[in-house]
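Here the structure is laid out as structure tokens; the discussion comes afterwards.
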Amino acid sequence: DNTKGKLGLGFAAGARPTPSKVLNLAGATEVAVNRDPDGSHACASTPEGIWCWGANFDRGAWTHPQGELGIGTSHTQPYPIHPVVDEDGDPILGTGLSLATYSSSAIVNGEAWRWGYSLWNKSSGCYMSANAPGGTTKYAQPAHLVGAGAGLDDNDVFTGDEGPVLDGVTQQAMGGCHVCVLREGDDRVWCNGSNYYGKLGSDNSGAHYPVEVLTDLDAGTPFTGATALAAGPGQTCALVGDDDALWCWGFNKSGNLATGESGHDQSSPVPQPAQLENQEILSGVSHVSMSDYNTCAISAGGDQLWCWGSD
């Protein structure tokens, strides 16, 4: 449907059963759509900047601005009107667009930028953006993702130290309440946000700044060899090694991880290889997409499409 103008056709437009051209946008090189049922926005990257449209606040409470459009205000845009701007009001140029329910992100000159809803809470930790104090924060403009060293004491109280900006980011994937990134020259995966069902790949309840995904929680052994990432509401996946084998971790209620098992008690905080019925690891993967209860992957140069989870 066209709830809050997320189709980019203006408020008057209803649902469209056939493709319609987004208004006031040309030269798009990349597009991302919020896949969450509660979300209602989309973004596109052009040579002139990043443009977002649709809802700019909590769909369940229309008076609660969230800032997911990144335009410096809480105004909804039924089509691209104002570009995403930095604190000086200048448009930002970025790639690697990724959206979540009330949040958006892009890679700008090797730095991960976030805007929208940021929940600073150890158990939830949604959409960590940058140097926010404790509590719930909305970023109407982009803010840098920071690395370890951000100012939070043992009681989760912000100390005022902004911490170092996380640079060298080459890829990112935003899930329902978490974000994972890859960095240049580093084949480890770094994630932050909520850790429900172990989707951060670590043994904490949630992380304010990126932490390493581990293959052994007790030994602290890092998960290495990742070349690409994908994230869903409750799970994360990575392509690994020269054969692009698929490994996933997190929520597994409906067999999301392709381990041959399903159920909440089969969720895993450490990466597991996606297995075919013959127990071979699914490899040669070029693309992965996931929702709450199912996952699909393309392999064999596009000749094979695999799907699993709830039907």
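Side-chain atoms are counted along with the backbone in the values below, which use heavy atoms only and exclude waters and symmetry mates.
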Give me the atom names and distance for the closest heavy-atom approach of I50 to A106.
CD1-CB, 3.6 Å

Is a side-chain N or O of S105 found less than 3.5 angstrom from the main chain of S98, in a donor-acceptor match?
yes

Qualifying residue for side chain to side chain contact (heavy atoms under 4.5 Å, CB included) with P210, from V189, V169, N192:
N192

Determine, step by step, whether T215 and V270 satisfy the side-chain contact (heavy atoms from CB on, under 4.5 Å) criterion, reporting the C-alpha distance in whole Å, the side-chain angles of both residues, the deciding distance to 0.1 Å, and the verdict.
CA-CA 5 Å; T215 58; V270 296; 5.5 Å; no

Do any N or O atoms from the side chain of E184 and from the backbone of T170 form a donor-acceptor pair under 3.5 angstrom?
no

Nearest 0.5 Å, please: how far is OH in Y79 from CH2 in W51?
11.0 Å

Less than 4.5 Å apart, side chain to side chain, heavy atoms only: is that true for M290 and C296?
no

Can you tell me if CG on D90 sees more than 12 non-hydrogen neighbours from other groups inside 6.0 Å?
yes

Return yes if a side-chain donor-acceptor contact under 3.5 Å exists between Q272 and S268, otherwise no.
yes

If two hydrophobic side chains count as joined below 4.5 Å and joins carry through other members, does L282 share a cluster with I298?
no

List the atom of E48, the atom of L93, and the distance in Å for their closest heavy-atom pair.
C-CD2, 3.5 Å

Return the CD to SG distance between Q235 and C248, rounded to the nearest 0.5 Å.
7.5 Å

Can W113 be reached from L97 by stepping across I, L, V, M, F, W or Y side chains whose heavy atoms are under 4.5 Å apart?
yes

Distance check, rounded to the nearest 0.5 Å: L229 atom CG versus M174 atom CE?
13.0 Å

A228 and L182 have their tightest heavy-atom pair at N-CD1, 3.6 Å

Between V213 and V240, is there shared hydrophobic-cluster membership here, with clusters defined by ILVMFWY side-chain heavy atoms closer than 4.5 Å?
yes

Using a 4.5 Å cut-off on heavy atoms from C-beta on, say whether the side chain of K199 contacts that of S194.
yes

Applying a strict under-4.5 Å side-chain criterion to I, L, V, M, F, W and Y, I'd like to know whether Y293 and Y197 cluster together.
yes

Closest contact, heavy atoms only, P47 versus G27
CD-O, 3.2 Å

Can you give me the closest heavy-atom contact between V211 and S202, atom names plus distance?
CG2-OG, 3.8 Å

Do you know the tightest heavy-atom contact between T227 and D244?
OG1-OD1, 3.6 Å

Should W115 and S103 be marked as a side chain to side chain donor-acceptor pair (under 3.5 Å) after you check the CA-CA gap, both sets of side-chain angles, and the distance that decides it?
CA-CA 6 Å; W115 57 96; S103 186; over 6 Å; no

Under 3.5 Å donor-acceptor, N294 side chain and G309 backbone:
no

Donor-acceptor pair, distance only, cut-off 3.5 Å: does the side chain of Q77 make one with the backbone of H82?
yes

Criterion side chain to side chain contact (heavy atoms under 4.5 Å, CB included) against W53, the qualifying member of L25, I81, L9, T76:
L25

Taking R183 first and then D167, would you say they form a salt bridge - that is, a charged N and a carboxylate O separated by under 4.0 Å?
yes

Tell me whether the rings of W249 and F223 are parallel (<30°), tilted (30 to 60°) or perpendicular (>60°).
perpendicular

More than 12 heavy atoms of other residues, nucleotides or ligands under 6.0 Å from CG of D242: yes or no?
no

Checking side chain to side chain donor-acceptor pair (under 3.5 Å) for the pair S254/N256: CA distance, chi angles, key distance, verdict?
CA-CA 5 Å; S254 300; N256 313 58; 4.6 Å; no

Heavy-atom check, side chain of E261 versus side chain of T259, under 4.5 Å
yes

Would you check if R16 and L7 make a side-chain contact, meaning some heavy-atom pair closer than 4.5 Å?
yes

Does any N or O in the side chain of N56 come within less than 3.5 Å of the main-chain N or O of E68, such that one atom is a donor and the other an acceptor?
yes

Measuring from L276:CG to L246:CG, what's the distance to the nearest 0.5 Å?
10.0 Å

How about I92 and V84: do any of their side-chain heavy atoms sit closer than 4.5 Å?
yes

Would the distance check show the side chain of N252 and the main-chain N or O of G263 forming a donor-acceptor pair, the cut-off being under 3.5 Å?
no

Check whether N34 reaches the backbone of A100 with its side chain - one donor and one acceptor, N or O, closer than 3.5 Å.
yes

Side-chain heavy-atom pair W306, S299 within 4.5 angstrom cut-off:
yes

Do the side chains of W190 and V179 join up, straight or via other hydrophobic residues, at under 4.5 Å, putting them in one cluster?
yes

Got a second to check how far E30's CD is from T46's OG1, nearest 0.5 Å?
11.0 Å

To the nearest 0.5 Å, what is the distance between NE2 on H41 and CG on L69?
6.5 Å

State, yes or no, whether a side-chain contact exists between L239 and V288 at a heavy-atom distance under 4.5 Å.
yes

Hey, does the side chain of S286 reach the backbone of G301 with a donor-acceptor pair shorter than 3.5 angstrom?
no

